[in-house]
Amino acid sequence: MFVKPFRYERADSLEAACELLREADGAAKVIAGGQSLLPLANLGLLDLDAVIDLGPVPEARGVQHDDGFLTIGALTRHREVERDETLLAYQPLIPAAVSWIGSARIRTRGTLGGSLAHSDPAAELPLVMTALGAEYELTTGNRTRVVRADEFHVSYFTSALADDELIESVRVPALGPGWGWGFAEISRRRGDFAIAAAAALARVADGRIVEARLALGGVHERPIRMGEIEAASSGAESSELDARIGPVVGLQAVTDTSATAEHRVHLARVLAVRALTDAASRGHAA
Ligand code: FAD
């Protein structure tokens, strides 16, 4: 399919991009890596009147570690996230999850902010950000606001982002002492979108989990925290997790061409146990 001609503008700062968005009054989209926007346009699922390229913007890139928190610029590419020494040292769950995204070619172009704004419930980054309780800094150029990941991702390809807003950065806690992480995914082939995925964090003391965080992706209209599984894990040794975590109830799972809702509910439990077991063993070793 041919994409109909659209106006193309290059922004040299986030502020300039916001100004162009305001002028376009809802008729323009920003483009970062183009790895979701252009496929949608090519498939005829999105009409583009005007595109504002964030490529030349020098800010909002890279990772900073400060006072127990990590701030990642929205324009940081997946490949940079995957290889970033600070993230590998202080929050390795994020690079591990990113390594599941598409192929090296996709990861070389795609950006953190693009993936979060696209808000695909089967994407890895919204899932790990939900598990981590990440905060997204959104800007209009004049005004900023902070939105938590679980409030930002509303439904399929739908987020809390307003037409005149951009994601500027994402803030997550660094992995604390005694904490471990785990990530488990089922997809048709490595690099395909998740049929189901789980991201877990566990704090271990005296060989037992004392605190756990678990989110699931690919199963529901948005990534979700699983409070009941977190509670069931508390006090468990990793070898007890399979017995402790009962059947997943109340999960409104999706049926599509990849899997039925029933199969996804089954996968949710299997992946939750795997991710939490890995998190517990890493927490134990920490
Ligand atoms: P773009 O395509 O440029 O933009 C996507 C959307 O975000 C657009 O609406 C755009 O306007 C908006 N946007 C971009 N940046 C910002 C910002 N800073 N603030 C506000 N809005 C913004 N993803 C996965 O998670 N897992 C996969 O397994 C996976 N497999 C893929 C396989 C293929 C073949 C392809 C083509 C893509 C795949 N992707 C996958 C998607 C990939 O991760 C994209 O890079 C990502 O979803 C979008 O990032 P981008 O920078 O390319 O955004």
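Computed over heavy atoms, backbone and side chain alike; hydrogens, waters and symmetry mates excluded. It should be emphasised that the depicted structure is a prediction, and the values quoted were computed from it without experimental measurement. Remember, it's 1-based here, ligands and their atoms both numbered in the order they're listed.
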**Request:** Using the salt bridge (Lys or Arg N to Asp or Glu O under 4.0 Å) rule, take Glu240 and Arg208 through it: C-alpha gap first, then chi angles, then the decisive distance, then the call.
**Result:** CA-CA 10 Å; Glu240 297 167 349; Arg208 292 191 178 272; 3.3 Å; yes

**Request:** Walk me through it: do Leu267 and Val219 pass the test side chain to side chain contact (heavy atoms under 4.5 Å, CB included)?
**Result:** CA-CA 9 Å; Leu267 292 178; Val219 291; 5.9 Å; no

**Message:** Run His153 and Ser159 through side-chain hydrogen bond (donor to acceptor under 3.5 Å, both in side chains) and show every step you take.
**Reply:** CA-CA 5 Å; His153 300 290; Ser159 74; over 6 Å; no

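Between Glu124 and ligand 1, at least one pair of N/O atoms sits closer than 3.5 Å. Annotation: Gly34 places an N or O atom under 3.5 Å from an N or O atom of ligand 1; distance criterion only. Between Ile31 and ligand 1, no N or O atom pair is found at a separation short of 3.5 Å. The shortest N or O to N or O distance between Leu75 and ligand 1 is not under 3.5 Å. Checking only distances, Pro39 never comes within under 3.5 Å of ligand 1, N or O to N or O. On a distance-only criterion, Leu125 and ligand 1 share no N/O pair closer than 3.5 Å. Looking at ligand 1, you'll find an N or O of Gln35 within less than 3.5 Å of one of its N or O atoms. In terms of polar-atom proximity, Ala117 is not counted as a contact of ligand 1, lacking any N or O under 3.5 Å from an N or O of the ligand. Of the polar atoms of Leu37, at least one N or O is found under 3.5 Å from an N or O of ligand 1, judged by distance alone.
Below 30°, between 30° and 60°, or above 60°: for His65 and Tyr90 the angle between ring planes is between 30° and 60°, a tilted geometry. Classified by interplanar angle (parallel below 30°, tilted 30° to 60°, perpendicular above 60°), the ring pair Phe183/Trp100 is tilted.
Taking every heavy atom of Leu166 and a limit of under 4.0 angstrom, the matching atoms of ligand 1 come to 19 (N), 20 (C). The atoms of ligand 1 that sit less than 4.0 Å from any heavy atom of Ala123 are 25 (O). Counting atoms of ligand 1 from 1 in the listed order, those under 4.0 Å from a heavy atom of Trp100 are 28 (O). Taking every heavy atom of Ala32 and a limit of under 4.0 angstrom, the matching atoms of ligand 1 come to 3 (O), 14 (C), 15 (N), 51 (O). Near Leu161, with a cut-off below 4.0 Å to any heavy atom, the atoms of ligand 1 are 20 (C), 21 (N).
At a heavy-atom distance under 4.0 Å, atoms from both the backbone and the side chain of Ile167 approach ligand 1. The proximity of Asp192 to ligand 1, defined as any non-hydrogen pair under 4.0 Å, is limited to the backbone. Within the 4.0 Å heavy-atom criterion, neither part of Glu168 lies near ligand 1.
Remark: Arg171 does not engage Asp66 in a salt bridge, criterion side-chain N to carboxylate O under 4.0 Å. Under 4.0 Å is where a charged nitrogen must lie from a carboxylate oxygen, and between Glu80 and Arg77 no such pair does.
Between Tyr156 and His220, a ring centre-to-centre spacing not shorter than 6.0 Å is recorded.
For atom 11 (O) of ligand 1, the closest heavy atom belonging to the protein is Val30 O, 2.6 Å. Nearest protein neighbour of atom 5 (C) of ligand 1, counting heavy atoms only, is Gly114 O, 3.8 Å. Scanning the protein for heavy atoms near atom 51 (O) of ligand 1, the closest one is Thr111 OG1, 2.6 Å. When hydrogens are left out, the protein atom nearest atom 46 (C) of ligand 1 is Ser36 OG, 3.3 Å; that is the closest non-hydrogen contact. Taking atom 33 (C) of ligand 1 as the reference point, the nearest protein heavy-atom neighbour is Ile106 CD1, 3.6 Å. Atom 39 (N) of ligand 1 has its closest protein heavy atom at Phe193 CZ, 3.4 Å. When hydrogens are left out, the protein atom nearest atom 28 (O) of ligand 1 is Gly191 O, 3.0 Å; that is the closest non-hydrogen contact. Scanning all protein heavy atoms for the shortest distance to atom 50 (P) of ligand 1 gives Gly33 N, 3.5 Å.
Residues Val63 and Met129 are members of one and the same hydrophobic cluster, defined by side-chain heavy-atom contacts under 4.5 angstrom among Ile, Leu, Val, Met, Phe, Trp and Tyr. In the hydrophobic clustering of ILVMFWY residues, with side-chain heavy atoms under 4.5 Å counting as a link, Val254 and Phe157 come out together. One hydrophobic cluster, built from ILVMFWY side chains closer than 4.5 Å, cannot hold both Leu161 and Leu14; they sit in different ones.
Remark: Thr255 pairs with Thr260, Ala261 by the side-chain contact (heavy atoms from CB on, under 4.5 Å) rule, at least two apart or across chains. With sequence neighbours excluded, the residues that form a side-chain contact (heavy atoms from CB on, under 4.5 Å) with Glu228 are Val249.
Counting only N and O atoms by type, the side chains of Glu221 and Ser155 include a donor and acceptor under 3.5 Å apart.
At a 4.0 Å cut-off, at least one heavy atom of His78 sits close enough to ligand 1 to count as contact.
With values rounded to the nearest 0.5 angstrom, Ser99 atom OG is found 12.5 Å from Ile94 atom CD1.
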